[in-house]
Protein chains: 2
Amino acid sequence: MPSRHLKGGCFSLSKEARCVTCSLSSLCLPLSLNLEDIDQLDRIIKRRQPLKKGEHLFRQGDAFECVYAVRSGSLKNYIMTNEGEEQITNFHLPSELVGMDGIDCDVYPISAKALETTTVCEIPFTRLEALAHDLPDLRQQILRIMSKELRDDKQMMMLLSKKNAEERVATFISNLSQRFKRRGYSQFTFRLPMSRNEIGNYLGLAVETVSRVFTRFQNAELIAVNGKEVHILDMDQLIELAGMVDCGSAQPPEKIAAAQ
Amino acid sequence: MPSRHLKGGCFSLSKEARCVTCSLSSLCLPLSLNLEDIDQLDRIIKRRQPLKKGEHLFRQGDAFECVYAVRSGSLKNYIMTNEGEEQITNFHLPSELVGMDGIDCDVYPISAKALETTTVCEIPFTRLEALAHDLPDLRQQILRIMSKELRDDKQMMMLLSKKNAEERVATFISNLSQRFKRRGYSQFTFRLPMSRNEIGNYLGLAVETVSRVFTRFQNAELIAVNGKEVHILDMDQLIELAGMVDCGSAQPPEKIAAAQ
DNA sequence: CGTACATTTGATCCACTTCAAACTCGGTGG
DNA sequence: CCACCGAGTTTGAAGTGGATCAAATGTACG
């Protein structure tokens, strides 16, 4: 299989930290690259020390230099309103790419902060760009990732402008569930890495409203909640309640839309 | 004084319709390309017959084949909720690129419809991709355009989840004003290409609310409105009211964020 | 010049926010 | 080992911004 020799200088941390052996590679940047190309990508990626909960990966206004792939843990992205309050724009789970919206600025337009202990792969953007010059598949994958984020953003706009509180929370939970599933975790039982406050901020709701909807869902036996632990008891109804399916958010674009 | 006509750079269509002579090229895809490269880009671009008001450029679910640059007129993008109502996700003015969020689907995830008589440049995506293989500047420009859209989307999320009705409308008007200005039109006097209904849909407000805010602004002598004609009387206060500056939405990323 | 549609205005209603207070839980130090 | 603290969460009560309903006015266009 891998004809290439292991690159020199892989000690303690870096030993296992290679794209070829990474269980997330099929969801991440290396997708659709062949082994040699993955190896090239590997060489420009730095594995950083884990971030502790609450630490920033980067701050709005920092010089834009790298994009990052989450390896474990989770992050939130947020921007600041001019009154100084934060608006969370995204949560990131393992395999997801962070920082792509800084490409045409010299600085990151958003901040990224760890919700728990989190490890990331650091990818210097200029080197990624240079590599993409030679690897059409990598280029395409970058575009795919960005256009997927664009589509997710449109779904989020729809949520914020058309859905009521229950639909928002149902959408949020079922979306998380699908993402966990894709990453090999249970789709029915998981731990929310973010606080109620952060959920509310993200969904455009007051904390109290989020809390109330959680209890309502619990009473309706849709879910069972214990602090941050969530069990989904009735997935069908939850998705039904969520309203619209997040087409393309969880699954690759099969022939879903073809039916239309 | 009435707003000038949109001079997308064409009288008899195909003859004048070349990127090199197009007045929009500095805002559009050719930005930062040299003359030769522009010429190459030119060759893959098709100029279509103008769309009439209400016609679709493409529909959600159509096979994804091309991206489009608006040359004159304007478009709206929208997605359908599963109840069949539309959610407008964007309005597009001349020089703006449409359809990039379809890249990783086989189909367009949104619809694009003309708000008025509109001409576009049609760019077959596979050919664009092939060309981008040889032109790093073009590649970068594509990334820039997409990442700019990502940033605009985050701003929109902030608007939808944190701003009240007046702030939303003020943001909307001042944002349009800046975009018109960049394109060489008056920033103080312009014609809204969309209906009140569409504004409300886009901003997550009921039509009635939009209308009320317009009259309130008019009474406060912030703006003067006559149907779709808008005069901005007090730009400073309007921007003040809009709350947060759309950093990067209108201007290229100067050293705005550096101050932080 | 009249019909259909878009916009405006007024009156009422309601989902969510806000304010206030109790409760839970993980951690910490006496 | 347990009392205590503070942040996060839940619950209750009251207030409100914008939605909805209804109707009048304005406007485009065949």
Side-chain angles (χ1 to χ4, degrees), chain A residues 52-54 76 81 83 85-88 113 115-117 158-173 191-220 223-230 241 243, chain B residues 52-54 76 81 83 85-88 113-117 159-173 191-220 223-230 241 243:
Chain A
K52 283 195 281 290
K53 176 174 177 166
K76 67 173 172 182
T81 72
E83 283 95 27
E85 46 179 351
E86 72 179 44
Q87 166 67 48
I88 297 173
K113 194 181 201 176
L115 295 173
E116 58 195 312
T117 302
M158 181 139 104
L159 177 143
L160 290 171
S161 100
K162 290 255 186 307
K163 293 185 183 182
N164 64 24
E166 296 198 345
E167 289 167 340
R168 290 183 199 198
V169 174
T171 304
F172 178 72
I173 297 175
R191 185 167 203 287
L192 299 171
M194 69 293 285
S195 70
R196 299 283 189 277
N197 214 319
E198 289 166 326
I199 296 174
N201 182 301
Y202 177 61
L203 295 178
L205 298 171
V207 206
E208 295 93 326
T209 306
V210 174
S211 179
R212 276 184 254 268
V213 172
F214 268 76
T215 29
R216 242 179 289 163
F217 281 1
Q218 191 150 223
N219 293 338
I223 59 175
V225 191
N226 182 10
K228 309 210 154 181
E229 291 290 332
V230 174
L241 222 176
Chain B
K52 284 195 280 291
K53 175 174 178 166
K76 66 173 172 181
T81 72
E83 284 95 27
E85 48 178 352
E86 73 179 44
Q87 165 68 48
I88 296 173
K113 194 181 200 175
L115 294 173
E116 57 195 313
T117 303
L159 177 143
L160 290 171
S161 99
K162 291 253 186 309
K163 293 186 182 182
N164 64 25
E166 296 197 346
E167 290 167 338
R168 290 182 200 199
V169 174
T171 305
F172 178 72
I173 297 175
R191 186 168 204 285
L192 299 171
M194 69 293 286
S195 70
R196 299 285 189 276
N197 215 320
E198 289 165 325
I199 296 174
N201 182 302
Y202 177 61
L203 295 178
L205 299 171
V207 206
E208 295 94 328
T209 305
V210 175
S211 178
R212 275 184 255 269
V213 173
F214 268 76
T215 31
R216 242 179 288 162
F217 281 1
Q218 191 150 223
N219 293 338
I223 58 174
V225 191
N226 183 12
K228 309 208 156 182
E229 291 289 333
V230 174
L241 223 177

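Here is the naming used below: chain letters follow the sequence lines, and residue numbers restart at 1 for every chain. All values below were derived from every heavy atom in this structure, side-chain atoms included, with hydrogens, water molecules and symmetry-related copies excluded.
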Notebook entry, point to check: Measuring from A/Leu192:CG to A/Ile173:CD1, what's the distance to the nearest 0.5 Å?
Noted result: 7.0 Å
Per-pair distances, 0.1 Å, donor-acceptor, side chain in residues 205-219 of chain A, under 3.5 Å, sequence neighbours excluded:
{"from": "A/Thr215", "atom 1": "OG1", "to": "A/Ser211", "atom 2": "O", "distance (Å)": "3.0"}
{"from": "A/Thr215", "atom 1": "OG1", "to": "A/Arg212", "atom 2": "O", "distance (Å)": "2.8"}
{"from": "A/Arg216", "atom 1": "NH1", "to": "A/Glu166", "atom 2": "OE2", "distance (Å)": "2.6"}
{"from": "A/Gln218", "atom 1": "OE1", "to": "A/Val225", "atom 2": "N", "distance (Å)": "2.7"}
{"from": "A/Asn219", "atom 1": "ND2", "to": "A/Thr215", "atom 2": "O", "distance (Å)": "3.4"}

Next item on the list: Check the distance between D/dT9's P and A/Gln218's CD and give it to me in whole angstrom.
Entry: 14 Å
Check: B/Lys228 versus B/Pro193: any side-chain heavy-atom pair under 4.5 Å?
Finding: no
Next item on the list: Starting from P on D/dG30, measure out to NZ on B/Lys53 and report it in whole angstrom.
Entry: 11 Å
Checklist line | Pairwise 5' ranking along DNA chain C for A/Ala165 and A/Asn226, keeping only the more 5' one | finding: A/Ala165
Check: How long is the gap from OG1 on A/Thr81 to CG on B/Leu159, to the nearest 0.5 Å?
Finding: 12.5 Å
Checklist line | Validation row: A/Gln87, A/Asn201 side chains within 4.5 angstrom (heavy atoms) | finding: yes
Next item on the list: Would you kindly give the CD1-to-P distance between B/Ile199 and D/dG18, to the nearest whole Å?
Entry: 16 Å
Notebook entry, point to check: How bent is the helix from C/dC1-D/dG30 to C/dG30-D/dC1, comparing axes over its five end pairs at each side, to the nearest 10°?
Noted result: 30°
Next item on the list: For B/Asn164 and D/dA19, give me the distance from atom CG to atom P, rounded to whole Å.
Entry: 11 Å
Checklist line | Sub-4.0 Å heavy-atom contacts from residues 201-217 of chain A onto DNA chain D, ordered by number | finding: A/Glu208, A/Ser211, A/Arg212, A/Thr215
Next item on the list: Could you state the atom-to-atom distance from NZ of A/Lys163 to C1' of C/dC16 in whole Å?
Entry: 18 Å
Notebook entry, point to check: Is it the case that B/Lys163 and B/Thr171 place a side-chain donor and acceptor less than 3.5 Å from each other?
Noted result: yes
Note to self: Whole angstroms only, please: what is the CG-C1' distance between A/Leu192 and D/dG8?
What the structure shows: 14 Å
Margin query: Regarding B/Lys76 and B/Glu198, does a basic nitrogen lie under 4.0 Å from an acidic carboxylate oxygen?
Written below: yes
Next item on the list: Report the distance from atom CZ of A/Arg168 to atom NZ of A/Lys162, rounding to the nearest 0.5 Å.
Entry: 11.5 Å
Next item on the list: With the side chain counted from C-beta on, respond yes when A/Leu115 and A/Lys53 share a heavy-atom pair under 4.5 Å apart, and no when they do not.
Entry: no
Item checked: d(CZ, B/Arg191; C1', D/dA28) in whole Å -> 11 Å
Margin query: What is the separation between atom CZ on B/Arg196 and atom P on D/dG26, rounded to the nearest whole Å?
Written below: 15 Å
